[in-house]
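Written below as structure tokens is the structure these notes are about.
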Amino acid sequence: MACLPRSLFERSALQVARDLLGCCLVRMKSGRRLSGIIVETEAYQGEEDQACHARAGRTPRTEVMYGPPGHAYIYFTYGMHWLLNAVVEPEGFPAAVLLRSITAVENVEEMARYRPSLANTKHWTDGPAKLTQALDLDGRLNGCDLCDPSGELFIEAASQVLPDDQVETGPRVGLFTVPEPWKSVPWRFQVRIKNLEFRISNGFF
DNA sequence: CGGCCGATTATCT
DNA sequence: GATAATCGGCCGG
């Protein structure tokens, strides 16, 4: 499947967050493909968005978000977790789409080995920090080009367009001290059916 | 299954 | 010095 073009990322954060659902996140590791279908995302856009890290303006951490679209923004939080975003919108406007959940597809057993907890084996990759663990991602790949199919991390197009009736929206997760309306705007997107059934019935892989 | 809570440190005020 | 785009373990129902 073809790598997503940069033009796809150079659009509004909400559109990109919607369209990344059903696409395949691929991590190349020692020549092997660790991959999964993206099933949940969130949009963070602009310095006005009080939930977006760019609310603080340009800082060493947010610099990547001001750069060209289609690159990875990977940051550290809660003293122990790495979270993966795709930088979106034209260069100069700080915005990103957080990848919150994937359905593991290729080399699932290897991905499970990178997870510290062996409990809840049904939930290997259904959280933003769980998927970075499963794909062995951290700050080393911050800023890498997600549009480079020869790179270590990229995203491939969905094998078919996901119908709107399979997309659910809601408020973003984990915002505790963020003021309204930012705390409640429905900028989270997820595929309704998150399991194996989804990719079989829809012809993914 | 759902709610509560401690872990742990880079980043910004 | 406070906070954080989270997780996993432990508890009760």
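Just so we're on the same page: letters track the sequence lines, and every chain starts at 1. None of the values given here were measured: they were computed from a predicted structure.
Distances were taken from every side-chain heavy atom of A:P128 (C-beta onward) to each of B:dC12, C:dA5, C:dC7; the shortest belongs to C:dC7. Distance from the side chain of A:P60 is smallest to B:dC12 among C:dA5, C:dG8, B:dC12. For A:S117, the side-chain atoms get nearest to C:dG8 when compared with the rest of C:dG8, C:dA5, B:dC12. For A:F76, whose side chain is taken as the heavy atoms from C-beta onward, the closest listed nucleotide among C:dG8, B:dC12, B:dA10 is B:dA10. Distance from the side chain of A:R115 is smallest for C:dG8 among the nucleotides C:dA5, B:dC12, C:dG8. Here the nucleotide nearest the side chain of A:M80, chosen from C:dA5, B:dT8, B:dC12, is B:dT8.
Between the NZ atom of A:K130 and the C1' atom of C:dT6 there is a distance of 9 Å, rounded to whole Å. Atom CE of A:M65 is separated from atom P of B:dT11 by 13 Å (rounded to the nearest Å). The nearest whole Å value for the distance from the CD atom in A:Q45 to the P atom in C:dA5 is 16 Å. Protein atom CG of A:N142 is 14 Å distant from nucleotide atom C1' of B:dT11, rounded to whole Å. Separating the NE2 atom of A:H123 from the C1' atom of B:dG2 is a distance of 13 Å, rounded to the nearest angstrom. Distance CD (A:Q50) to C1' (C:dT3): 15 Å, rounded to an integer number of Å. Residue A:R55 contributes atom CZ, which lies 10 Å from atom P of B:dC12 at whole-angstrom precision. Summarising the geometry, the separation between CZ on A:F176 and P on B:dC5 is reported as 13 Å, rounded to the nearest angstrom.
Side-chain atoms of A:R115 and A:Q133 form a donor-acceptor pair, as typed in the model, at a separation below 3.5 Å.
An OP1 or OP2 oxygen of C:dT6 is reached within less than 4.0 angstrom by no side-chain nitrogen or oxygen of A:T77. The side chain of A:H53 places an N or O atom within less than 4.0 Å of a non-bridging phosphate oxygen (OP1 or OP2) of C:dA5. Contact annotation: A:R100 side-chain N/O to C:dT6 OP1/OP2 distance is under 4.0 Å.
A:R172 comes within 4.0 angstrom of no nucleic acid atom, judged by non-hydrogen atoms across all strands. A:L175 comes within 4.0 angstrom of sugar-phosphate atoms only, judged by non-hydrogen atoms across all strands, and of no base. Within the 4.0 angstrom heavy-atom criterion, base atoms lie near A:A51.
Ring geometry for A:H53 against A:Y75 counts as perpendicular: the plane angle is over 60°, on a 0 to 90° scale with 30° as the lower cut.
Across A:V97, A:T169, A:D164, a single residue satisfies side chain to side chain contact (heavy atoms under 4.5 Å, CB included) together with A:R18, and that is A:D164.
The base of C:dA5 is not paired with the side chain of A:Y78 by any donor and acceptor separated by under 3.5 Å.
A distance of 13.5 Å separates CD1 of A:I38 from CZ of A:R100, quoted to the nearest 0.5 Å.
Nearest approach of A:A13 to A:E89, heavy atoms of both residues: N-OE2, 3.1 Å.
Base pairing of C:dC7 is made with B:dG6, judged by Watson-Crick or G-U wobble geometry with both donor-acceptor distances under 3.5 Å.
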Next on the checklist: Walk me through whether A:T125 and A:K130 qualify under side-chain contact (heavy atoms from CB on, under 4.5 Å).
Outcome noted: CA-CA 5 Å; A:T125 57; A:K130 294 182 192 178; 5.5 Å; no
